[in-house]
Amino acid sequence: MSEERDMKFSLTVSPGLEETAHQEFCEKWKLILNSEVPEAEIKKGKIFLEAKISNICPLIPYLKIPSNAYLIIAEFKAKDRPKLFNKISKIEWHKFLRGDFPLIKVSTKKSKLIHTRGIEESATSATQEALKKHPLKSAPKNKTLRNKIHIDIYDDQVRVELSLTGDRMDKRGYKLNTDLAPLRESLAAALIYRLSKYSSKEETLLDPMSGTGTFSLEALNFYSYNDSRDFDYQYAPYFIKLPLMKRVKIGSELFSRVECYDLSPKAIAAIRDNLKNIEDKALIEQCDFFNIQSTKSKVAIINPPYGKRINLKHELDEFVQQIITHAKESIDLDFVGLIFPSWAFHKLKDVKVMEKTFLSNGGIEVVFTILDLR
């Protein structure tokens with residue numbers, strides 16, 4: 001395998017945020033690699049592209065919106081398990097894998113190969129057969145490494161993918177405290193990125209229902225290199241042979257500061273802990289949203305508690321309307337990014353909606369809106 005030939009890759013993205021993730025990819029590619037961005041094919045929940053592995057891998061620790069990145073090792077058509085076994089057994093796995101035998105997962109749809117357990121057994125046997133000739137090198141000392149392989153079959157077309165990240169990319173490694181209803185970091189990053197288009201780079205972000213500070217963390221760390229965790233590609237045979245790329249410090253930022261408020265003392269303690277390394281850029285205070293009367297910010301991101309998270313005195317749609325009224329009339333905000341269950345969207349009154357995106361957050365169908373309150 002020639003490390004510098006173009007190879008195929010895919011990025012996994014929450015459905016509805018593909019275009020946003022692609023915008024982030026293009027921007028950071030230009031900032032870090034200073035070269036022409038490769039063309040991409042965007043599908044539901046996926047971004048496909050071809051590039052050199054020496055470019056894609058160093059970009060991964062900077063990306064905040066995708067939840068995983070894969071190297072596509074093989075693509076072929078197969079309608080039965082013998083054909084699948086034959087193809088997978090010929091892959092030169094020792095050039096891609098290291099450490100323990102990989103974890104193999106299968107998804108299949110509209111194909112003659114439909115039994116995932118049987119497909120996993122065939123793929124496991126085929127991989128074991130390939131590794132008889134070229135066993136895997138052991139993981140580095142004091143490091144447990146088990147690569148993850150995804151076999152996706154659609155309409156009898158098989159795609160064999162190797163995770164470049166291991167754990168999901170939204171598991172940043174630097175958020176130590178969470179709560180009972182956390183917002184996935186990759187989702188928060190996408191919404192903050194969208195909202196930042198309506199502010200200046202010197203803007204302070206108001207995060208008045210902070211929870212444990214996910215939005216604020218993502219806002220302040222959006223352009224930073226994540227060195228708080230490992231990624232599988234860093235130990236892979238194909239990567240360690242490449243020349244080391246100098247780490248780039250990006251001078252851009254989404255927001256210069258954040259103002260974090262929450263009614264819960266427990267949440268405030270968690271926010272202080274989570275933001276302790278960047279506390280010089282944060283104002284953190286215990287306060288109810290409806291008691292906030294002034295702020296340095298003209299832009300806010302609000303994920304109000306809903307469902308079982310809080311006992312409301314009013315119906316949810318009335319509560320959302322109260323938030324909007326207070327943000328506009330008492331705090332005098334210009335733009336608000338607001339998340340709430342999608343059924344309440346059509347009950348919004350007298351407000352200008354700049355953007356709306358329907359998403360799934362923890363199994364709840366929600367809508368993210370950017371409201372112009374000017």
Side-chain angles (χ1 to χ4, degrees), residues 1-15 17-76 87 91-98 102 147-152 154 157-170 172 186 189-190 193 222-227 229-250 252:
M1 180 181 68
S2 174
E3 290 87 357
E4 288 306 304
R5 68 181 174 87
D6 281 358
M7 304 184 73
K8 294 183 177 181
F9 300 87
S10 70
L11 300 174
T12 303
V13 184
S14 295
L17 297 175
E18 297 89 351
E19 291 291 344
T20 306
H22 185 238
Q23 290 173 11
E24 179 203 16
F25 177 86
C26 293
E27 180 186 8
K28 291 182 177 178
W29 179 287
K30 293 175 183 177
L31 288 169
I32 295 165
L33 302 174
N34 194 30
S35 62
E36 185 177 353
V37 181
E39 292 186 4
E41 179 184 8
I42 300 175
K43 294 187 176 181
K44 183 178 181 180
K46 284 281 189 178
I47 299 173
F48 296 95
L49 60 132
E50 292 187 26
K52 291 180 173 58
I53 203 163
S54 58
N55 287 335
I56 289 293
C57 287
L59 195 65
I60 287 173
Y62 293 93
L63 296 177
K64 300 300 192 294
I65 299 176
S67 59
N68 215 321
Y70 291 95
L71 168 63
I72 300 175
I73 296 178
E75 292 179 292
F76 54 87
K87 289 288 188 179
I91 296 175
E92 297 179 296
W93 288 109
H94 65 288
K95 294 183 177 181
F96 300 98
L97 307 179
R98 188 178 179 185
N147 298 119
K148 297 178 181 179
I149 296 169
H150 179 218
I151 299 175
D152 181 62
Y154 182 82
Q157 189 69 27
V158 181
R159 186 170 67 243
V160 182
E161 301 178 310
L162 171 67
S163 173
L164 298 172
T165 66
D167 288 337
R168 293 196 319 264
M169 293 165 69
D170 55 273
R172 310 290 196 220
S186 54
Y193 188 47
F222 189 80
Y223 288 101
S224 64
Y225 180 99
N226 185 3
D227 56 4
R229 55 161 285 183
D230 291 339
F231 299 90
D232 277 7
Y233 78 83
Q234 295 168 329
Y235 303 97
Y238 56 81
F239 182 76
I240 59 178
K241 297 177 182 179
L242 300 177
L244 287 175
M245 175 182 169
K246 187 177 180 180
R247 189 180 300 179
V248 176
K249 185 174 182 179
I250 301 176
S252 300

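Keep in mind that the numbers below use all heavy atoms, side chains included, and drop hydrogens, waters and symmetry copies.
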Open item on the list: Could you tell me if Arg247 sits above the aromatic ring of Tyr225, with its cationic atom closer than 6.0 Å to the ring centre and no more than 45 degrees from the axis?
Closed with: yes
Task: Lys NZ or Arg CZ of Lys148 over Tyr70 ring: under 6.0 Å, within 45° - done: no
Task: Name of the residue among Val13, Ile47, Thr20, Leu63 meeting side chain to side chain contact (heavy atoms under 4.5 Å, CB included) with Phe25 - done: Leu63
Would you check if the side chain of [X] reaches a backbone N or O of [Y] as a donor-acceptor pair within less than 3.5 Å?
X	Y	answer
Glu24	Ile65	yes
Asn147	Ser163	no
Arg159	His150	no
Tyr193	Lys64	no
Arg229	Asp167	yes

Open item on the list: Heavy-atom count check: over 12 atoms from other residues, nucleotides or ligands less than 6.0 Å from Asn34 CG?
Closed with: no
TODO: Could you grab the distance from atom CE of Met169 to atom CG of Asn68, nearest 0.5 Å is fine?
DONE: 7.5 Å
TODO: Rounded to the nearest 0.5 Å, what's the gap from CD on Glu18 to CG on Leu11? Could you check?
DONE: 11.5 Å
Task: side-chain contact (heavy atoms from CB on, under 4.5 Å) between Ile53 and Tyr233, intermediate numbers included - done: CA-CA 10 Å; Ile53 203 163; Tyr233 78 83; over 6 Å; no
Open item on the list: Applying the side-chain hydrogen bond (donor to acceptor under 3.5 Å, both in side chains) criterion to Glu75, which one of Lys87, Lys8, Gln157 satisfies it?
Closed with: Lys8
Task: Test item: Phe239 and Leu164 side chains (from C-beta on) under 4.5 Å apart, heavy atoms - done: no
Open item on the list: Parallel, tilted or perpendicular: which one describes the rings of Phe96 and Tyr238, with boundaries at 30° and 60°?
Closed with: tilted
